[in-house]
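Given the structure is predicted, the values throughout are model-derived calculations rather than measurements. The analysis underlying the following values was restricted to heavy atoms, covering all of them including side chains, and did not include hydrogens, waters or symmetry mates.
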Amino acid sequence: MEDLDPTYIQAPEHRSDSNFIPNQPEEIPVIDLSRLDDPEDVQNVISEIGDACEKWGFFQVLNHGVPSDARQRVEKTVKMFFDLPMEEKIKVKRDDVNPVGYHDGEHTKNVKDWKEVFDIYFKDPMVIPSTTDPEDEGLRLVYNKWPQSPSDFREACEVYARHAEKLAFKLLELISLSLGLPKERFHDYFKEQMSFFRINRYPPCPRPDLALGVGHHKDADVISLLAQDDVGGLQVSRRSDGVWFPIRPVPNALVINIGNCMEIWTNDKYWSAEHRVVVNTTRERYSIPFFLLPSHDVEVKPLEELVSPENPPKYKGYKWGKFYVSRNRSDFRKLEIENIQIDDFKVKT
């Protein structure tokens, strides 16, 4: 334990061997989106997506339309950035005013993650609330930070992000259809979307039995799209029993998962699953998630079409922007209190 900073050490119940059963035959679904070209197969694909959202909150997609050359370019470029000396990387380090750019001290559940990150807002600048005060309607602009080297870092990231966003809206429409709703039911929530994407680098870790690349958590967004390399390490907690399952890297696939917003919109029909990243002693791992987030002024609450006297709302509504600003404050420092969670908005029964 002497070779690992104590700030990285997970509680025993959250370490990589906790509630994990290796070599399980069951896996999250892998869905080929090229089947949407067959009119007779479209409804099957929609149903499979709905089933995956309900059982796992996770699935993988193939033939998704994100060009492999765009993905390979951004993977190559960001690796060049992370290989730079630390004095170069901290020139674009995030701060309390602009929470984007490089950082190596992110916390999940108040424990430091074993990783480096680079965050980029999809809209540049992006509009977010000025404060967490519910009565304060002030807004501010946040601008991305871009490194000078590699020279094509910005272009590679922006090209990839546009493709990821296009796929996110396609999946959003398929999820809407799986709920029996019009395919464009969610579109109005994204007029001033707060979406962002991130590059994660997980270095080899001397004590992967004590630390995690990312601790157990649920995504606060609507949908996440993840490009992961072939190293592996991502795990998801099964809805039925909480057992941890590895998400096997599939060549050219993207991992899709449901966030808290969609869980609430569907009144808990669809599941925002806990997930985590385990690390290893020998290989670094890269992943690139794109997080689809609604506009700051959207009130997140169960959809009227999906509630009834028999299925009353399970959550009170909350303003997305205020929730985001409050949640964001703990990501890069240890707090003495538990951060805001969607369970704080559950209706008491």
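Side-chain polar atoms of Asp219 and His275 form a donor-acceptor pair below 3.5 angstrom. Side-chain polar atoms of Tyr102 and Glu116 form a donor-acceptor pair below 3.5 angstrom. Side-chain atoms of Thr131 and Asp133 form no donor-acceptor pair, as typed in the model, at a separation below 3.5 Å. Checked by atom type, the side-chain pair Asn44/Ser47 shows no donor-acceptor distance below 3.5 Å.
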Inset, instruction - Assess whether side-chain hydrogen bond (donor to acceptor under 3.5 Å, both in side chains) is satisfied between Ser224 and Asp221, documenting all intermediate values. - result: CA-CA 7 Å; Ser224 306; Asp221 63 347; 2.7 Å; yes
Legend entry - Chi angles and distances behind the side-chain hydrogen bond (donor to acceptor under 3.5 Å, both in side chains) call for Glu173, His187: CA-CA 9 Å; Glu173 292 178 349; His187 281 205; 3.1 Å; yes
Inset, instruction - Take Gln10 and Arg15 through the side-chain hydrogen bond (donor to acceptor under 3.5 Å, both in side chains) test and state the conclusion after the steps. - result: CA-CA 6 Å; Gln10 296 281 334; Arg15 293 175 188 172; over 6 Å; no
Inset, instruction - Apply the test side-chain hydrogen bond (donor to acceptor under 3.5 Å, both in side chains) to residues Asp268 and Tyr315: give CA-CA distance (whole Å), side-chain angles for both, the deciding distance (0.1 Å), then the verdict. - result: CA-CA 9 Å; Asp268 276 355; Tyr315 297 89; 2.7 Å; yes
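Taking the six-membered ring for Trp and the full ring otherwise, Phe291 and Phe196 have centroids separated by under 6.0 Å. Not less than 6.0 angstrom separates the ring centroid of Tyr286 from the ring centroid of Tyr202. Ring pair Tyr189/Trp265: centre-to-centre distance below 6.0 Å.
Partners of Lys166 under the side-chain hydrogen bond (donor to acceptor under 3.5 Å, both in side chains) rule, at least two apart in sequence or in another chain, do not exist in this structure. Remark: Asp297 engages no residue in a salt bridge (Lys or Arg N to Asp or Glu O under 4.0 Å) (not counting sequence neighbours). The salt bridge (Lys or Arg N to Asp or Glu O under 4.0 Å) search around Lys112 returns none, not counting sequence neighbours. The side-chain hydrogen bond (donor to acceptor under 3.5 Å, both in side chains) search around Tyr270 returns Ser178, not counting sequence neighbours.
Checking side-chain atoms of Thr77 against main-chain N and O of Arg73 turns up a donor-acceptor pair under 3.5 Å. Checked by atom type and distance alone, the side chain of Asp229 pairs as donor or acceptor with a backbone atom of Val231 at under 3.5 Å. A donor-acceptor pair under 3.5 Å is absent between the side-chain atoms of His217 and the main chain of Lys109, judged by distance alone. Put simply, the side chain of Trp114 never gets that close to the backbone of Val214: no donor and acceptor are under 3.5 Å apart. Side-chain atoms of Arg185 do not come within 3.5 Å of backbone N or O of Leu177 as any donor-acceptor pair. Of the possible donor and acceptor atoms, none in the side chain of Asp113 sits under 3.5 Å from a partner among the backbone N and O of Lys115.
The nearest pair of heavy atoms linking Val307 to Asn267 is CG1-ND2, 3.7 Å. Nearest heavy-atom pair, Ser130 versus Arg140, reported as atom, atom and distance to 0.1 Å: OG-N, 3.8 Å.
Atoms CD1 and CZ, on Ile288 and Arg201 in that order, are 14.0 Å from each other to the nearest 0.5 Å.
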Extract all donor-acceptor atom pairs below 3.5 Å that involve side chains of residues 53-60 and protein atoms in other chains or at least two apart in sequence.
from, atom 1, to, atom 2, distance (Å)
Glu54, OE1, Lys269, NZ, 3.2
Lys55, NZ, Glu26, OE2, 2.5
Gln60, NE2, Arg248, O, 3.0

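Applying the 4.5 Å side-chain rule to ILVMFWY residues, one finds Trp244 in the same cluster as Phe20.
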